[in-house]
Amino acid sequence: MKVLVVGGGGREHALVWKLAQSPKVDKLYCAPGNAGTASLAENIPITADDVEKLLAFAVVNSIDLTVVGPEAPLMEGIADRFQAAGLKIFAPSKRAAAIEGSKALSKDLMAKYNIPTAKYGTFTNAEDAIACIKEWGAPIVVKADGLAAGKGVVVAFDEETAIQAVKDIMEDNIFGDAGSVVVIEEYLDGEEVSILAFTDGFTVVPMVSAQDHKRVFDGDDGPNTGGMGAYSPAPIYTEDLAEEVQRTILQPTIDALRAEGRLYQGVIYAGLMVTAEGPKVLEYNARFGDPETQPIMMRLETDLVDIIEAILDGKLQNIEIRWHEESAVCVVMVAGGYPGKYAKGEEILGLDGLDNETTTVFHAGTAEKNEKIVTAGGRVLGVTARAATIAEAIQSAYATVEKISFKDAFYRKDIGHRALNR
Ligand code: AMP
Ligand code: GLY
């Protein structure tokens, strides 16, 4: 079959890499892809949010299955458009994906169906939001309602910071329309873990656990980024906790969405805080996480096409999904200056011959230029290794990182430290 992967980051390279191993796949395309996907798929110069062009491409080229990476096309209704044209696509519908697109909607859904989450209020004017902050006191969390590229959340340890965040979001519109509604949330203390799950709208099958590192500097310091690395499994995620999350969060979420006329087929990502009172939802994403997907795909044994086909047939309960017992770690190499200003077009050296059975250098912001591979984004590479223990996987990933160089390359030296400390 012919498969199209939509997106061009590290997550999409990991998806292309896994799909390329399926005996069912004859031809892979990636739109727009990167220099890494180019070695396994044909890159197509269409951006991930250009749904109409993607649809036209899929029709003309008789694509049998489309797999969507990023959130933007989901919110544009890519699944609905492709399905209306009779094309198979692995992505939730626009109504289902709204669980990521609107924090207010996801909080209301959790409240209505008793899914554990932080206490919250939703506000359409700054004065009321500020009154809530004064009433609840710090620490407190301020969130822009809509999509803000992961930057729409301010965890404030004093009231002034929280009030300033409300003013920035609602009066200065720093996130545009995404900030016309603001959510104020109780601060949750605990350890974070990400659970991604496959679902056909009825059955929910969690993947192995993972945790990313959002801050740019060692020791979880500095500004938030798209993710500086990730590891799987997260040791905090014991069997008991997994059972509790399935029973109190994952299954109720999918059942609630279905009950609300938002049948959910695809990957659902629950960002959780494991608090003293148990796991609570921080956020949902309607897609694979980036960079969590890189270590998760390195641990997936089952053919991803088989899983996707089972989901699209509504028969997820019939398939057994197998995982490597080993751990996996992804260290992201970024362009110096990221998440602020950074250079592009720097030649990347040392990439040849690094990939093997247990190590893969997933590309993110890379491009080919004059037969050289150059940097083309903030997050450049996700060096991912699998090994018997987290400690060995960390060592192996860093050994590979040290063989790669480009001007002003930067990476965290402590990916996986929380897993090691446990
Ligand atoms: P979100 O995009 O909602 O996942 O928020 C981004 C990050 O902000 C999370 O990964 C947490 O580290 C932090 N965060 C979000 N909500 C809360 C909360 N209620 N309490 C504490 N930290 C939070
Ligand atoms: N790594 C977090 C995300 O994909 O949203």
Side-chain angles (χ1 to χ4, degrees), residues 7 9-12 14-15 68-72 74 97 99-107 110 116-121 132-133 136-157 161-162 165 169 175 178-179 182-196 207 209-216 220-232 234 267-277 279-297 330 332 334 339 362 364 378-379 382 415 418:
R11 162 183 52 207
E12 288 75 22
L15 293 171
V68 179
E71 61 274 22
L74 304 177
I99 197 167
E100 169 169 3
S102 165
K103 289 193 191 289
L105 182 141
S106 81
K107 294 295 287 189
M110 288 186 268
T117 189
K119 180 174 88 167
Y120 74 108
C132 171
I133 290 167
W136 291 2
I140 194 159
V141 182
V142 180
K143 301 185 175 185
D145 175 55
L147 288 181
K151 298 182 186 105
V153 176
V154 175
V155 179
F157 291 94
T161 307
I169 294 171
F175 301 118
V182 77
V183 175
I184 305 289
E185 247 184 47
E186 158 203 20
Y187 171 80
L188 297 178
D189 199 12
E191 192 169 329
E192 285 183 56
V193 60
S194 305
I195 300 301
L196 285 71
M207 303 184 204
S209 62
Q211 188 48 48
D212 69 348
H213 293 259
K214 290 195 173 71
R215 305 297 192 96
V216 71
D220 296 316
D221 207 2
N224 267 322
T225 69
M228 295 295 289
Y231 55 95
S232 171
V267 170
I268 186 156
Y269 168 136
L272 308 177
M273 186 72 86
V274 182
T275 72
E277 295 159 22
K280 296 188 181 185
V281 177
L282 289 175
E283 64 160 350
Y284 295 107
N285 292 316
R287 51 174 175 78
F288 284 103
D290 188 345
E292 293 92 331
T293 302
Q294 289 82 316
I296 288 175
M297 283 302 120
C330 170
V332 175
V334 305
F362 291 118
R379 290 194 288 174
I415 299 303
R418 261 192 251 107

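The basis for the numbers below is simple: all heavy atoms, side chains too, and nothing from hydrogens, waters or symmetry mates. One-based numbering, in listed order, for ligands and for the atoms of each. By convention here, the first residue in the shown sequence is residue 1.
For ligand 2, the polar-atom distance check finds no N/O of K214 at less than 3.5 Å from any of the ligand's N/O atoms. In terms of N/O distances under 3.5 Å, ligand 1 is not approached by Y187. The shortest N/O to N/O separation between R11 and ligand 2 does not fall below 3.5 Å.
Against a heavy-atom cut-off of under 4.0 Å, G226 is close to the following atoms of ligand 2: 1 (N). When each atom of ligand 1 is checked for a heavy atom of K143 under 4.0 Å away, the hits are 3 (O), 15 (C), 16 (N). Less than 4.0 angstrom separates some heavy atom of D212 from each of these atoms of ligand 2: 1 (N), 2 (C). If you number the atoms of ligand 2 from 1 as listed, the ones under 4.0 Å from a heavy atom of N285 come out as 5 (O). Each of the following atoms of ligand 2 lies closer than 4.0 Å to a heavy atom of G289: 4 (O). Here is the list of ligand 1 atoms found below 4.0 Å of a heavy atom in V153: 1 (P), 2 (O), 3 (O), 5 (O), 8 (O), 15 (C). Atoms of ligand 1 found under 4.0 Å from any heavy atom of V141 (numbered from 1 in listed order, with element): 16 (N), 17 (C), 18 (C), 19 (N), 20 (N).
Under 4.0 Å from ligand 1, heavy atoms of L282 appear from its side chain as well as its backbone. For V155, every heavy-atom contact with ligand 1 shorter than 4.0 Å involves the side chain, none the backbone. Contacts with ligand 1 closer than 4.0 Å are made by side-chain heavy atoms of K103 only, the backbone lying farther away.
Note that CG of L74 and CG of N285 are 10.0 Å apart. Values are rounded to the nearest 0.5 Å. The OH atom of Y269 sits 9.5 Å away from atom CD of E100, with the distance rounded to the nearest 0.5 Å. Distance check: M110 CE to K280 NZ gives 11.5 Å after rounding to the nearest 0.5 Å. Atom CE of M273 and atom CG of D189 lie 7.0 Å apart (nearest 0.5 Å).
When side chains are defined from C-beta on, M207 counts as touching V267, because their heavy atoms get closer than 4.5 Å. Side-chain contact between C330 and I415 is absent, with no heavy atoms from C-beta onward closer than 4.5 Å.
When only non-hydrogen protein atoms are considered, atom 5 (O) of ligand 2 lies nearest to R287 NH2, 2.9 Å.
Nearest residue to atom 4 (O) of ligand 1 from K280, E283, M273 is E283 (criterion: closest heavy atom). The closest heavy-atom contact to atom 19 (N) of ligand 1, among the options K119, E185, E100, K214, comes from E185. Among T117, L188, D212, the residue whose heavy atom lies closest to atom 20 (N) of ligand 1 is L188.
Taking a 4.0 Å cut-off on heavy atoms, F288 fails to register as neighbouring ligand 2. Heavy-atom separations between A230 and ligand 2 are all 4.0 Å or longer.
Scanning all heavy atoms of the two residues, the minimum distance from I140 to A162 falls at CG2-CB, 3.6 Å.
When each of E292, E71, E12 is tested with R287 by the rule salt bridge (Lys or Arg N to Asp or Glu O under 4.0 Å), just one qualifies, namely E71.
When atom types are taken as modelled, the side chain of K143 and the backbone of A104 share no donor-acceptor pair closer than 3.5 angstrom. Without hydrogens or angle criteria, R379 side chain to G227 main chain gives a donor-acceptor distance under 3.5 Å.
The aromatic rings of F157 and Y187 lie perpendicular to each other, with more than 60° between the two planes, well past the 30° mark.
Taking the charged nitrogens against the carboxylate oxygens, E185 and K103 have no contact shorter than 4.0 Å, which rules out a salt bridge.
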